[in-house]
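Reviewing the structure listed below.
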Amino acid sequence: AYLSCSAAVADDFARQVGGPPVCVLFNPIDTQRFGSRADLRRQCRAELGLADGRPVLLTVARFVPDKGHGFLISAAKEVLRVFPNAVFLLVGDGPSRAQAQELAASCGGAIRFLWAQGDVSPYLNACDVYVQPSINREGLGVAVLEAMACGKPVIATKTEGFFESVAEAGKLVTPADAAALAGAILELLKNARLREDWGQRARERVTRHFSTLEAAQKLKEIYGRWAP
């Protein structure tokens, strides 16, 4: 038997390769490491010079076309018309980074580019909304799950992978639809109670389905079924 990080990947494998069975074992998330931390929020915002009440949106992704940074930047410009004090933090590196910076140049300091980080938990805690604007499929979306584990409301796209990771615990919009993405962001920024509710649902979903304990139990079941 083979292991797959999601049902979508398992289905692709079965269609392309066939043969041996494929068992789904979600990538586990350390819910002790990734959780809501007020101290990390204060520390990270202070280091970035961001007041506690300032709206902060975060994306952690490699800068390649499939990750949808251009689509996000277009949406950000719409959001900034309504919330001019909002800040978008884009964490990562990659070949499309310079192009994204050029697209965001007119926004000044409202869209900040940060290099890839060894530990993203401070940034996850510092943000109010996590956005993953991928325009192509994801295996599962580990960055999204880490944000959810930190109790953050998540907006992602209707692509394979996110249907399994985010499901009903966040908002999924049409890929490459900047207006839809901007609308989802504005809905959350205008409603603190909604952000809190989505964040709580997100944390509960990760704890229930994607924790390291859940993964260990699932792996034990798989070994019990397929080990000689």
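For clarity, every value in this text was computed on a predicted model and none was experimentally measured. No hydrogens, no waters, no symmetry mates; every other heavy atom, side chains included, goes into these values.
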ask   = Where is the tightest heavy-atom contact between Ala116 and Val91, given as atom of each residue plus distance?
value = CA-CG1, 4.3 Å
inquiry  = Give me the atom names and distance for the closest heavy-atom approach of Leu57 to Ala86.
reply    = CD1-CB, 4.3 Å
task = Ignoring hydrogens and angles, tell me if any N or O in the side chain of Ser165 forms a donor-acceptor pair with the backbone of Leu140 under 3.5 Å.
result = yes
message = So, using salt bridge (Lys or Arg N to Asp or Glu O under 4.0 Å) as the criterion, who are the partners of Asp11 when residues are at least two apart?
response = none
note = Smallest heavy-atom separation, Cys44 atom then Tyr123 atom, equals SG-CD2, 3.7 Å
task = Using modelled atom types only, decide if a donor and an acceptor are shared between the side chain of Arg208 and the backbone of Glu214 within a distance under 3.5 Å.
result = no
His69 and Phe63 aromatic ring geometry - parallel, tilted or perpendicular at 30°/60° bounds = parallel
query = Can any side-chain N or O of Thr157 pair as donor or acceptor with the backbone N or O of Pro175 at less than 3.5 Å?
reply = no
query = How about Thr159 and Asn136: do any of their side-chain heavy atoms sit closer than 4.5 Å?
reply = no
key: Main-chain N/O of Ala178 paired to Glu78 side chain as donor or acceptor, under 3.5 Å   = no
inquiry  = Do Val120 and Ile155 sit in one hydrophobic cluster, given that two such residues count as connected whenever their side-chain heavy atoms are within less than 4.5 Å of each other, even indirectly?
reply    = no
Carboxylate-amine/guanidinium proximity below 4.0 Å for Arg193 and Glu196 = no
ask   = Hey, does Leu186 have a side-chain heavy atom less than 4.5 Å from the side chain of Phe83?
value = yes
ask   = Between Arg62 and Lys67, is there a donor-acceptor pair closer than 3.5 Å when you use the side chain of the first and the backbone of the second?
value = no
ask   = Looking at Arg201 and Asp197, does any basic side-chain N land under 4.0 Å from a carboxylate oxygen?
value = no
ask   = With hydrophobic residues grouped by side-chain heavy-atom distances under 4.5 Å, do Val60 and Val144 end up in a single group?
value = yes
ask   = Which value, rounded to the nearest 0.5 Å, describes the distance between Ile29 atom CD1 and Cys150 atom SG?
value = 10.0 Å
ask   = Can you check side-chain contact (heavy atoms from CB on, under 4.5 Å) on Phe162 and Ser134, steps first, answer last?
value = CA-CA 10 Å; Phe162 294 144; Ser134 302; 3.9 Å; yes
query = Counting distance only, does the side-chain N/O of Gln117 pair as donor-acceptor with the main-chain N or O of Trp115 below 3.5 Å?
reply = yes
request  = Test side-chain contact (heavy atoms from CB on, under 4.5 Å) on Arg205 and Phe210 and set out the steps.
outcome  = CA-CA 8 Å; Arg205 178 167 176 75; Phe210 300 96; 4.1 Å; yes
query = Rounded to the nearest 0.5 Å, how far does CD of Gln217 lie from OG of Ser211?
reply = 7.5 Å
inquiry  = For Ile73 versus Ala100, what's the shortest heavy-atom pair and its separation?
reply    = CD1-O, 3.3 Å
request  = Evaluate the side-chain proximity of Ser121 to Arg37: yes if any heavy-atom separation is below 4.5 Å, no if none is.
outcome  = no
Within-4.5 Å side-chain heavy-atom neighbours: Trp198 and Lys171 = yes
ask   = Got Val87 and Arg54 here, is their nearest side-chain heavy-atom distance under 4.5 Å?
value = yes
inquiry  = Run the side-chain contact (heavy atoms from CB on, under 4.5 Å) test on Leu181 and Ile185 for me, step by step, so that the C-alpha distance in whole Å, both residues' side-chain angles and the decisive distance to 0.1 Å come before the verdict.
reply    = CA-CA 6 Å; Leu181 180 57; Ile185 293 171; 4.1 Å; yes
message = If you count every heavy atom of other residues, nucleotides or ligands that lies below 6.0 Å from Gln32 atom CD, does the total exceed 12?
response = no
Within-4.5 Å side-chain heavy-atom neighbours: Val82 and Lys190 = yes
query = Are any side-chain N or O atoms of Asn125 and backbone N or O atoms of Arg42, one a donor and one an acceptor, separated by less than 3.5 Å?
reply = no
inquiry  = Going by salt bridge (Lys or Arg N to Asp or Glu O under 4.0 Å), name the residues that satisfy it together with Arg45, two or more places apart in sequence or in a different chain.
reply    = Asp128
message = Hydrophobic clusters here meaning ILVMFWY residues chained together by side-chain heavy-atom distances under 4.5 Å, can you tell me if Leu40 and Val129 are in one?
response = no
task = Look only at the side chain of Gln101 and the backbone of Phe113, and say whether a donor-acceptor pair between them is shorter than 3.5 Å.
result = no
key: Linked, directly or transitively: Leu145 and Leu219 (ILVMFWY side chains, under 4.5 Å)   = no
message = Would a single hydrophobic cluster contain both Phe34 and Leu58, if residues Ile, Leu, Val, Met, Phe, Trp and Tyr are joined by side-chain heavy-atom contacts under 4.5 Å?
response = yes
request  = Please confirm whether the backbone N or O of Val9 pairs with a side-chain atom of Ser6, one donor and one acceptor, at under 3.5 Å?
outcome  = yes
ask   = Is there a side-chain contact between Arg203 and Gln200 (heavy atoms, below 4.5 Å)?
value = no
task = Report the C-alpha separation of Gln132 and Val154 in whole Å, then their side-chain angles, then the decisive distance to 0.1 Å, and conclude whether the side-chain contact (heavy atoms from CB on, under 4.5 Å) test is met.
result = CA-CA 8 Å; Gln132 200 75 43; Val154 164; 5.7 Å; no
ask   = Below 4.5 Å, heavy atoms only, C-beta onward: do Val56 and Leu48 meet side chain to side chain?
value = no
request  = Might you point out which heavy atoms bring Glu164 and Ala7 nearest each other, and give the distance in Å?
outcome  = OE1-N, 2.8 Å
message = Using every non-hydrogen atom in the two residues, find where Ile222 and Cys23 come nearest and quote the distance to one decimal.
response = CD1-CB, 3.8 Å
